[in-house]
Novice: 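Pasting a structure below so you can have a look.
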Amino acid sequence: MSFASSPFTPMGIHSIQEQRDRWERKRSRTARELVQSEQSYCKQMDLVVTYFVEILKAKGTLRQDIRESIFSSIKSIHLINQTLLTHLELGRFGVGFEEFCTHLQLYNTYVDNIQMAKKALMVQVKQSKAFRRFKKLQESRPEFNQQKLEDLLTLPLQRIQQYKHFLRDLTENTGPDNPEFQQLSKVVKAISEVAQRIQDNARSHENHLQLRRVQKQLKGRKTRILTPGRWYIREGWLKTVPPKGTEAKPKMFYLFSDILLQAKPCSPIHPINVDKFACQRIYPLKECTVDKVFGHTKSQGGLISLTFARAKLLLMSDDQVDINDWYRSLCLAIGQLKSKNTVVHRRNELRRKPIRSDTDSQNTPELQQTCGIKRTMMLDEEVWEHSEGHSSSSITLTGESGHSTTKRLKPNEAPAAR
């Protein structure tokens, strides 16, 4: 008796079952790697808490505020990860990570404080001889595998990135009918937000370091580079082509998200500012247009034209790749700046209000009352001014109050009054 599949059995049933088996194998492999890496992570965190946080607190080598600035919420993070590890070892991935996400604020606090922690650690290593000796002694323990404290402090940040990849693979290989599918989908979104926060903070810190470096390269303090919202893009040497037929001169240019800075090197015989630059001009990119004059083909070098509100600049380079990179960077910076400055109106604001005539706009009750009072005052003044004069004609005027007033006119004004 043969157990071969019947020729009437649909082939799709076997392919669907094979696909589900592959998903299950991938999910099991991902789950196993996740549990193993979580065990290793918790072990490292336990070493940091035991041999650094607790011993420093017991010995009193550092003040409490300094310890908190260096280690932040690492002790609380260690506790919630131990709870997560218990769930993972029991195979409860959805429940474990769902409970873990309720404490993600601890990771957010740690992420936002990591740069301050590194700075505080560097200050204490330089200033405190006792802490420097303690740090070197603890790092020499075989449990740390020659890892420095600076590297151990970044473990929670690295773990968040690993969570994002593990959970994404785990969700992709979990069937929609699985009760953990919805839980893992929500967890992936929450973990991805924290991972994005880590990347944004790293980019912001790197940009701050670049702005400080450029600020130190410029002579004097008149040019302020460290401005909130400004991003460093690139720098390099370019030749400026003067409007007249003089020789093109090389200048140093710094491109930021909102300005283009032109500088020249300081005098080589200057005792202090030998390696610095003097700022010559700052071009705002808000109203700038950029055009490529030549350099479209595979010729040598290129020329780009920058038109500002009150100036025009021609930049040239012998390296065509370099000038093309400058052109793309300028176009991108100007485009992003204009898109930020674009005002988006609401639909209600774009509706035109009905145009009213001057007579309609003046017929409001308040305006009628005000105009009536003014008219009465003007008539009374005219009566007072002309009451003493002599004339052969008169005209009767009636104010808003209903009282008639006789106004004497001169002979030459009588026809006009009638």
Novice: Just by distance, do the side chain of Ser140 and the backbone of Leu137 share a donor-acceptor pair under 3.5 Å?
Specialist: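 Confirmed, Ser140 side chain pairs with Leu137 backbone.
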
Novice: Side chain to side chain contact (heavy atoms under 4.5 Å, CB included) with Gln138: which of Val48, Ile55, Leu149?
Specialist: Ile55

Novice: Do Ile160 and Val111 come within less than 4.5 Å of each other through their side chains, counting heavy atoms only?
Specialist: no

Novice: Would you sort out whether Glu287 and Lys338 count as a salt bridge (Lys or Arg N to Asp or Glu O under 4.0 Å), showing the intermediate values?
Specialist: CA-CA 8 Å; Glu287 300 178 356; Lys338 289 183 178 180; over 6 Å; no

Novice: What pairs with Lys118 under side-chain contact (heavy atoms from CB on, under 4.5 Å), at least two apart in sequence or on another chain?
Specialist: Ile114, Gln115, Thr154

Novice: Among residues at least two apart in sequence or on other chains, which ones pass side-chain contact (heavy atoms from CB on, under 4.5 Å) with Ala278?
Specialist: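 In terms of side-chain contact (heavy atoms from CB on, under 4.5 Å), with neighbours along the sequence ignored, Ala278 is linked to Lys219, Lys264, Cys266.
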
Novice: I'd like to know whether Arg63 forms a side-chain contact (heavy atoms from CB on, under 4.5 Å) with Ile66, so could you lay out the CA-CA distance, the side-chain angles of the two residues, the decisive distance to 0.1 Å, and finally the verdict.
Specialist: CA-CA 5 Å; Arg63 298 198 314 266; Ile66 298 177; 3.8 Å; yes

Novice: How many angstroms lie between CG in Leu62 and CZ in Phe131, if you round to the nearest 0.5 Å?
Specialist: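 Going from CG on Leu62 over to CZ on Phe131, the span is 5.0 Å.
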
Novice: Gln44 and Glu143: side-chain hydrogen bond (donor to acceptor under 3.5 Å, both in side chains), yes or no, with the steps?
Specialist: CA-CA 9 Å; Gln44 289 179 308; Glu143 295 89 344; over 6 Å; no

Novice: Can you list everything that forms a side chain to side chain donor-acceptor pair (under 3.5 Å) with His208? Sequence neighbours excluded, please.
Specialist: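 Side chain to side chain donor-acceptor pair (under 3.5 Å) check on His208 returns nothing, list empty.
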
Novice: For Tyr283, which residues count as a ring-ring contact (aromatic ring centres under 6.0 Å, His included) partner, sequence neighbours excluded?
Specialist: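 So Tyr283 forms a ring-ring contact (aromatic ring centres under 6.0 Å, His included) with Phe308.
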
Novice: For Arg22, enumerate each residue passing the side chain to side chain donor-acceptor pair (under 3.5 Å) test, keeping only those at least two apart in sequence or located in another chain.
Specialist: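 Checked Arg22 against side chain to side chain donor-acceptor pair (under 3.5 Å); matches are Gln19.
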
Novice: Closest approach of Tyr110 and Ser73, non-hydrogen atoms and distance?
Specialist: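 Here Tyr110 and Ser73 meet closest at CB-OG, 3.7 Å.
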
Novice: List the steps, then state whether salt bridge (Lys or Arg N to Asp or Glu O under 4.0 Å) holds for Lys135 with Glu139.
Specialist: CA-CA 6 Å; Lys135 175 177 175 292; Glu139 290 173 348; 2.8 Å; yes

Novice: Under the ring pair (Phe, Tyr, Trp, His ring centres under 6.0 Å) criterion, do Phe134 and Tyr51 qualify, and how do the steps go?
Specialist: CA-CA 10 Å; Phe134 169 80; Tyr51 290 104; 9.6 Å; no

Novice: Does the side chain of Arg213 come under 3.5 Å of the side chain of Gln210 through a donor N or O and an acceptor N or O?
Specialist: yes

Novice: Go through Tyr327 and Asp291 one step at a time and tell me if the side-chain contact (heavy atoms from CB on, under 4.5 Å) criterion holds.
Specialist: CA-CA 8 Å; Tyr327 177 74; Asp291 298 308; 5.8 Å; no

Novice: Would you please test Leu84 and Leu88 for side-chain contact (heavy atoms from CB on, under 4.5 Å) and show each step?
Specialist: CA-CA 6 Å; Leu84 174 63; Leu88 297 183; 4.0 Å; yes

Novice: Just list the side-chain donor-acceptor pairs under 3.5 Å for residues 27-34, sequence neighbours left out, or say none.
Specialist:
unit_1 : atom_1 : unit_2 : atom_2 : d
Arg27  : NE     : Thr174 : OG1    : 2.8
Arg27  : NH2    : Glu180 : OE1    : 2.7
Ser28  : OG     : Glu24  : O      : 2.9
Thr30  : OG1    : Lys26  : O      : 2.9

Novice: Nearest 0.5 angstrom please: Thr240 OG1 to Leu306 CG, how far?
Specialist: 11.5 Å

Novice: List for me each residue that meets side chain to side chain donor-acceptor pair (under 3.5 Å) alongside Asp325, sequence neighbours excluded, and say none if there are none.
Specialist: Arg328

Novice: Hey, does Arg67 have a side-chain heavy atom less than 4.5 Å from the side chain of Val53?
Specialist: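 The answer is no; the side chains never approach within 4.5 Å.
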
Novice: Is the shortest side-chain heavy-atom distance between Met45 and Asn81 below 4.5 Å?
Specialist: no

Novice: CD/Glu18 to CH2/Trp23 distance, rounded to the nearest 0.5 angstrom?
Specialist: 13.0 Å

Novice: By the ring-ring contact (aromatic ring centres under 6.0 Å, His included) test, which pairs, at least two apart or in different chains, include something from residues 146-200?
Specialist: Phe97-Tyr163, Phe100-Tyr163

Novice: Kindly write out the residues that satisfy side-chain contact (heavy atoms from CB on, under 4.5 Å) with Thr307, not counting sequence neighbours, or none if the list is empty.
Specialist: Thr289, Ser305, Lys312

Novice: Can you see whether Ser37 engages Arg159 through a side-chain donor-acceptor pair at a distance of less than 3.5 angstrom?
Specialist: yes

Novice: Mind running side-chain contact (heavy atoms from CB on, under 4.5 Å) on Gln336 and Leu332 for me, showing each step along the way?
Specialist: CA-CA 6 Å; Gln336 291 180 350; Leu332 185 61; 3.7 Å; yes

Novice: For the pair Gln162 and Gln158, evaluate side-chain hydrogen bond (donor to acceptor under 3.5 Å, both in side chains) and give the outcome as yes or no after the intermediate values.
Specialist: CA-CA 6 Å; Gln162 294 171 1; Gln158 299 172 7; 5.3 Å; no

Novice: Less than 4.5 Å apart, any side-chain heavy atom of Val188 and any of Ser192?
Specialist: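 Sidechains of Ser192 and Val188: in contact.
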
Novice: Let me confirm one number: the CD-CD1 distance from Gln262 to Ile282, rounded to the nearest 0.5 Å.
Specialist: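 Output value for this atom pair is 10.5 Å.
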
Novice: Closer than 3.5 angstrom, by distance alone: can the side chain of Arg92 be matched with the main-chain N or O of His87 as a donor-acceptor pair?
Specialist: no

Novice: In a table with atom names and distances, give each donor-acceptor pair under 3.5 Å that connects a side chain of residues 249-259 to protein atoms at least two apart or in another chain.
Specialist:
unit_1 : atom_1 : unit_2 : atom_2 : d
Lys251 : NZ     : Gln280 : OE1    : 3.4
Tyr254 : OH     : Gln217 : OE1    : 2.6
Ser257 : OG     : Trp231 : N      : 3.0
Asp258 : OD1    : Arg230 : NE     : 3.0
Asp258 : OD2    : Arg230 : NE     : 3.3
Asp258 : OD2    : Arg230 : NH2    : 3.1

Novice: Among all residues two or more places apart in sequence or in another chain, which pass the side-chain contact (heavy atoms from CB on, under 4.5 Å) test with Asp275?
Specialist: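 Here no residue qualifies.
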
Novice: For the residue pair Val194 and Asn108, establish whether any side-chain heavy-atom pair is separated by less than 4.5 Å.
Specialist: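 Yes, at least one pair of side-chain atoms sits under 4.5 Å.
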
Novice: Looking only at non-hydrogen atoms, find the nearest pair between Asn113 and Ser69 and report the distance.
Specialist: ND2-O, 3.1 Å

Novice: Going by the rule side chain to side chain donor-acceptor pair (under 3.5 Å), which residues pair with Glu54 if we only count those two or more places apart in sequence or in a different chain?
Specialist: Lys75

Novice: So, do Met316 and Ile323 sit near enough that their side-chain heavy atoms are less than 4.5 Å apart?
Specialist: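 Counting from C-beta outward, Met316 and Ile323 never come under 4.5 Å.
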
Novice: With rounding to the nearest 0.5 angstrom, report the CD to OG1 distance, Gln182 to Thr171.
Specialist: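 Interatomic distance, Gln182 CD to Thr171 OG1, rounded to 0.5 Å: 10.5 Å.
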
Novice: Between Leu313 and Leu260, is any pair of side-chain heavy atoms under 4.5 Å apart?
Specialist: yes

Novice: Could Lys164 and Asp169 be called an ion pair, given the rule that one side-chain N must be under 4.0 Å from one carboxylate O?
Specialist: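 No, this pair does not count.
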
Novice: Taking atom CG of Leu218 and atom OG1 of Thr223, what is their separation to the nearest 0.5 Å?
Specialist: 6.0 Å

Novice: Is Asn201 close to His205 at the side-chain level, that is, under 4.5 Å between some pair of heavy atoms?
Specialist: no

